[in-house]
Colleague: 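What follows is a single structure, and I will ask about it in a moment.
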Amino acid sequence: MDFKIFLKAVGTGPKGNRDLTLNESFEAISQILNKEPTQAQIGAFLIAWRVKLETIEEFKGAIKALNSFIKYKEVPDSLMLGYSFDGRDTNPYLFPLYEDILDGFFKKNSDVRRLNLVISGDLVQPTKNGICTKDIFTKFDKGQYLHYFDRVEYLQELSELTPLRREFGLRTAFNTVEKLLNPSLSEYGICGAFHKPYVSKYIDMYRDDFKDITVVRGAEGDIEVFKDSKFWQKKDDQIVEFEFCLKDYGVNYSKVFENITLEDNLNILKNYDDEILNLAKFNVALYLLFAKRVSSLDEAWQRLN
């Protein structure tokens, strides 16, 4: 199909625009990943599509296309941590601390099924210019519970769009659909949402790729929590909201950063205090709950301590 058909559908204007079908979205994204359109056509399409506002069916078609290009490598007993690809600029990453926390947990709780955590990364994407998971992972040794998937290796076609995405420096549909791709074939997935309308979107978009999905309101729209917040899961065809308060678990955290650097983050991880360690433990408690290794957040916290 001529790519100009897709451009016309999303870029004609309010009176002439129309939504793409799932199959059209699949075809458009497949052509982009195959580099069939020109760079100008790709940029025009992505921006016009964003302005039109993407539909759930269009997102599903895009995810279907991306999945068809992924090089899969299964990680059994795993939870996919769907970190955002636009990086962090006000909060540190905590995930390197999860390795020792999980190691200690499973030594004391042999009755709980193993849980591997999978993290995907790439060069930082627009719109932020912060640090990303790839920056952090390259500074730490591999562990037995944390597994890193580099997008250059499992979805090179999307990774190679980074220069173009940086050139126009705006959010596109890729920022939405890339969050919770599943190259590890994980059973469970978690992604972050800042705006509540995206909760149902994420659950609907990814429901075919996971046994269960949790959406959490983490820092900077990501998945790690640093203060009281909430998460959402689908129960009996209804999306249910759960709130939590860190002080109920003896977790106190009040640090604020402005434009945190990689050096700052690494220093926090290599010289962490009890405040940071407890915060990391609380996040692990959430993941144990989301992956159904425990029946409640209270049980996860008690077992971790």
Side-chain angles (χ1 to χ4, degrees), residues 73-83 91-121 133-134 136-150 182-192 210-214 216 218-219 222-227 229 231 233 242 244-253 255 265-305:
K73 182 181 178 182
E74 185 177 6
V75 177
D77 301 320
S78 63
L79 169 69
M80 169 58 73
L81 302 184
Y83 285 91
N91 293 280
Y93 287 101
L94 302 175
F95 64 79
L97 301 180
Y98 300 163
E99 176 68 32
D100 288 344
I101 292 172
L102 284 170
D103 185 49
F105 174 84
F106 284 110
K107 283 178 178 175
K108 294 185 294 183
N109 297 275
S110 58
D111 60 311
V112 178
R113 182 160 65 100
R114 180 188 176 96
L115 179 62
N116 295 301
L117 301 179
V118 179
I119 298 170
S120 175
T133 57
K134 186 170 185 172
I136 301 294
F137 242 107
T138 56
K139 304 297 182 182
F140 289 87
D141 294 333
K142 267 188 173 181
Q144 61 171 323
Y145 294 102
L146 260 63
H147 302 261
Y148 177 67
F149 277 61
D150 194 325
N182 191 13
S184 56
L185 299 172
S186 298
E187 281 184 286
Y188 299 95
I190 169 179
C191 68
F210 296 91
K211 184 176 180 179
D212 203 7
I213 297 166
T214 303
V216 64
D222 216 335
I223 64 169
E224 290 180 338
V225 299
F226 292 80
K227 60 182 181 181
S229 193
F231 63 88
Q233 295 176 328
F242 302 88
F244 54 82
C245 177
L246 268 62
K247 287 186 178 179
D248 291 344
Y249 300 89
V251 180
N252 296 285
Y253 183 82
K255 291 186 175 65
N265 201 150
L266 294 175
N267 183 58
I268 289 167
L269 293 170
K270 292 177 179 178
N271 301 283
Y272 58 83
D273 54 20
D274 288 342
E275 190 177 49
I276 285 289
L277 181 59
N278 279 336
L279 185 62
K281 273 188 180 181
F282 184 80
N283 278 274
V284 171
L286 287 173
Y287 304 153
L288 288 167
L289 176 64
F290 299 162
K292 294 181 169 49
R293 289 340 192 240
V294 293
S295 59
S296 68
L297 189 54
D298 287 347
E299 181 193 346
W301 187 249
Q302 289 167 7
R303 283 176 176 264
L304 278 163
N305 291 280

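The figures that follow rest on heavy atoms only: side chains count, while hydrogens, waters and symmetry mates do not. Positions are given from 1 along the sequence.
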Colleague: Can a donor-acceptor pair be found, under 3.5 Å and without considering hydrogens, that links the side chain of Asn265 to the backbone of Tyr93?
Modeller: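 Such a contact is found between Asn265 side chain and Tyr93 backbone.
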
Colleague: Taking side chain as C-beta onward, heavy atoms only, is Trp301 less than 4.5 Å from Val251?
Modeller: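 Of all side-chain heavy-atom pairs linking Val251 with Trp301, at least one is under 4.5 Å.
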
Colleague: Does CZ in Phe106 sit with more than 12 non-hydrogen atoms of other residues, nucleotides or ligands closer than 6.0 Å?
Modeller: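 Yes, enclosed.
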
Colleague: Can you see which heavy atom on Leu115 is nearest to which on Ala291, and at what distance?
Modeller: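 In terms of heavy atoms, the two residues are closest at CD1-CB, 3.6 Å.
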
Colleague: Any idea which heavy atoms bring Asn116 and Pro76 closest together, and the distance?
Modeller: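 In terms of heavy atoms, the two residues are closest at ND2-O, 2.9 Å.
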
Colleague: With sequence neighbours excluded, what pairs up with Phe210 under the ring-ring contact (aromatic ring centres under 6.0 Å, His included) test?
Modeller: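 In terms of ring-ring contact (aromatic ring centres under 6.0 Å, His included), with neighbours along the sequence ignored, Phe210 is linked to no residue.
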
Colleague: Could you state the interatomic distance from CD1 (Ile213) to CD (Gln233), rounded to the nearest 0.5 Å?
Modeller: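 The CD atom of Gln233 is 10.5 Å from CD1 of Ile213, to the nearest 0.5 Å.
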
Colleague: Evaluate the ring planes of Phe282 and Phe244, with Trp represented by its six-membered ring, and classify them as parallel (under 30°), tilted (30 to 60°) or perpendicular (over 60°).
Modeller: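 Taking Phe244 first and then Phe282, their aromatic rings sit tilted (interplane angle of 30° to 60°).
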
Colleague: Who pairs with Lys227 by side-chain contact (heavy atoms from CB on, under 4.5 Å), at least two apart in sequence or on another chain?
Modeller: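 Partners of Lys227 under the side-chain contact (heavy atoms from CB on, under 4.5 Å) test: none.
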
Colleague: Under the salt bridge (Lys or Arg N to Asp or Glu O under 4.0 Å) rule, what pairs show up with a residue in residues 91-104, not counting sequence neighbours?
Modeller: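 Salt bridge (Lys or Arg N to Asp or Glu O under 4.0 Å) check on residues 91-104 returns Asp103-Lys107.
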
Colleague: Suppose we screen for salt bridge (Lys or Arg N to Asp or Glu O under 4.0 Å). Which residues come up paired with Asp273, at least two apart in sequence or across chains?
Modeller: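 Asp273: salt bridge (Lys or Arg N to Asp or Glu O under 4.0 Å) contacts with Lys255.
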
Colleague: Looking only at atom types and distance, does a side-chain atom of Ser186 sit under 3.5 Å from a main-chain N or O of Asp77, one as donor and one as acceptor?
Modeller: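 The answer is no, because no donor-acceptor pair under 3.5 Å joins these two groups.
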
Colleague: side-chain contact (heavy atoms from CB on, under 4.5 Å), that's the test. Do Ile190 and Leu81 meet it? Break it down for me.
Modeller: CA-CA 5 Å; Ile190 169 179; Leu81 302 184; 3.6 Å; yes

Colleague: Looking at Val75, Leu117, Ile119, which one forms a side-chain contact (heavy atoms from CB on, under 4.5 Å) with Ser184?
Modeller: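 The single option meeting the side-chain contact (heavy atoms from CB on, under 4.5 Å) with Ser184 is Val75.
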
Colleague: To the nearest 0.5 Å, how far apart are CG in Leu279 and OH in Tyr253?
Modeller: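 Here the rounded value is 6.5 Å.
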
Colleague: Not counting sequence neighbours, which residues clear ring-ring contact (aromatic ring centres under 6.0 Å, His included) with Phe137? List them please.
Modeller: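 For Phe137, the residues satisfying ring-ring contact (aromatic ring centres under 6.0 Å, His included) (neighbours in sequence not counted) are Phe95, Tyr148.
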
Colleague: Tell me, please, which residues at least two apart from Arg114 pass salt bridge (Lys or Arg N to Asp or Glu O under 4.0 Å).
Modeller: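 Arg114 satisfies salt bridge (Lys or Arg N to Asp or Glu O under 4.0 Å) with no other residue.
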
Colleague: Using the side-chain hydrogen bond (donor to acceptor under 3.5 Å, both in side chains) criterion, which residues pair with Asn252? Sequence neighbours excluded.
Modeller: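 Asn252: no side-chain hydrogen bond (donor to acceptor under 3.5 Å, both in side chains) contacts found.
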
Colleague: Decide yes or no on side-chain contact (heavy atoms from CB on, under 4.5 Å) for Phe242 and Thr214, but give the supporting numbers first.
Modeller: CA-CA 11 Å; Phe242 302 88; Thr214 303; over 6 Å; no

Colleague: Using only heavy-atom distances, determine whether the side chains of Asn278 and Asp274 contain a donor-acceptor pair under 3.5 Å.
Modeller: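 Their side chains do not contain a donor-acceptor pair, so the 3.5 Å distance test is not met.
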
Colleague: Is it true that a side-chain atom of Asn109 and a backbone atom of Val112 form a donor plus acceptor pair closer than 3.5 Å?
Modeller: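 Not at all, since once roles are kept as given, no pair shorter than 3.5 Å links the two residues.
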
Colleague: For the residue pair Val294 and Ala300, what are the closest heavy atoms and their distance?
Modeller: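 Here Val294 and Ala300 meet closest at CG2-CB, 3.7 Å.
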
Colleague: Applying salt bridge (Lys or Arg N to Asp or Glu O under 4.0 Å), can you list everything that pairs with Lys292, at least two apart in sequence or on another chain?
Modeller: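 With sequence neighbours excluded, Lys292 shows a salt bridge (Lys or Arg N to Asp or Glu O under 4.0 Å) to Asp212, given in chain and number order.
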
Colleague: Testing the basics here: between Asn283 and Glu224, what is the closest heavy-atom pair and its distance to 0.1 Å?
Modeller: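 That closest heavy-atom pairing would be OD1-CA, 3.4 Å.
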
Colleague: Asp141: which residues meet the salt bridge (Lys or Arg N to Asp or Glu O under 4.0 Å) condition with it, sequence neighbours left out?
Modeller: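 By the salt bridge (Lys or Arg N to Asp or Glu O under 4.0 Å) rule, Asp141 matches no residue at all.
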
Colleague: Less than 4.0 Å between a side-chain N and a carboxylate O, is that true for Asp111 and Arg303?
Modeller: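 Looking at Arg303 and Asp111, the cut-off is met.
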
Colleague: Could you give me the CA-CA distance, side-chain angles and deciding distance for Leu146 and Val118, then say whether side-chain contact (heavy atoms from CB on, under 4.5 Å) is met?
Modeller: CA-CA 6 Å; Leu146 260 63; Val118 179; over 6 Å; no

Colleague: Testing the basics here: between Gly192 and Ile223, what is the closest heavy-atom pair and its distance to 0.1 Å?
Modeller: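 Gly192 and Ile223 have their closest heavy atoms at N-CG2, 3.4 Å.
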
Colleague: Return the set of residues passing ring-ring contact (aromatic ring centres under 6.0 Å, His included) with Phe140 (not counting sequence neighbours), or none when no residue passes.
Modeller: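 None.
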
Colleague: How long is the span from the OG atom in Ser78 to the CG atom in Leu185, to the nearest 0.5 Å?
Modeller: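 If I round to the nearest 0.5 Å, the distance is 8.0 Å.
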
Colleague: Taking only residues two or more places apart in sequence, or in another chain, which ones meet Tyr188 in a ring-ring contact (aromatic ring centres under 6.0 Å, His included)?
Modeller: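 Tyr188 satisfies ring-ring contact (aromatic ring centres under 6.0 Å, His included) with no other residue.
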
Colleague: Compare every heavy atom of Leu269 with every heavy atom of Pro96, then report the nearest pair and how far apart it is.
Modeller: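 Minimum heavy-atom separation between Pro96 and Leu269: CG-CD1, 3.6 Å.
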
Colleague: The criterion is side-chain hydrogen bond (donor to acceptor under 3.5 Å, both in side chains); which residues satisfy it with Tyr249, sequence neighbours excluded?
Modeller: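 So Tyr249 forms a side-chain hydrogen bond (donor to acceptor under 3.5 Å, both in side chains) with Asp298.
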
Colleague: Side chains of Lys281 and Phe105: closer than 4.5 Å at any heavy-atom pair?
Modeller: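 Counting from C-beta outward, Lys281 and Phe105 never come under 4.5 Å.
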
Colleague: Should Leu304 and Ile101 be marked as a side-chain contact (heavy atoms from CB on, under 4.5 Å) after you check the CA-CA gap, both sets of side-chain angles, and the distance that decides it?
Modeller: CA-CA 8 Å; Leu304 278 163; Ile101 292 172; 3.7 Å; yes

Colleague: Could you measure the distance from the CG atom of Leu97 to the OH atom of Tyr272? Nearest 0.5 Å is fine.
Modeller: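 If I round to the nearest 0.5 Å, the distance is 6.5 Å.
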
Colleague: Could you give the distance from CG (Asn91) to CG (Asp222), rounded to the nearest 0.5 Å?
Modeller: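 The CG atom of Asp222 is 9.5 Å from CG of Asn91, to the nearest 0.5 Å.
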
Colleague: Is any NZ, NE, NH1 or NH2 atom of the basic residue among Arg113 and Glu187 found under 4.0 Å from an Asp or Glu carboxylate oxygen of the other?
Modeller: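 The answer is yes: the pair qualifies as a salt bridge.
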
Colleague: Measure the spacing between CG of Leu79 and CG of Leu288 and express it to the nearest 0.5 Å.
Modeller: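 Between Leu79 CG and Leu288 CG, I get 9.0 Å after rounding to 0.5 Å.
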
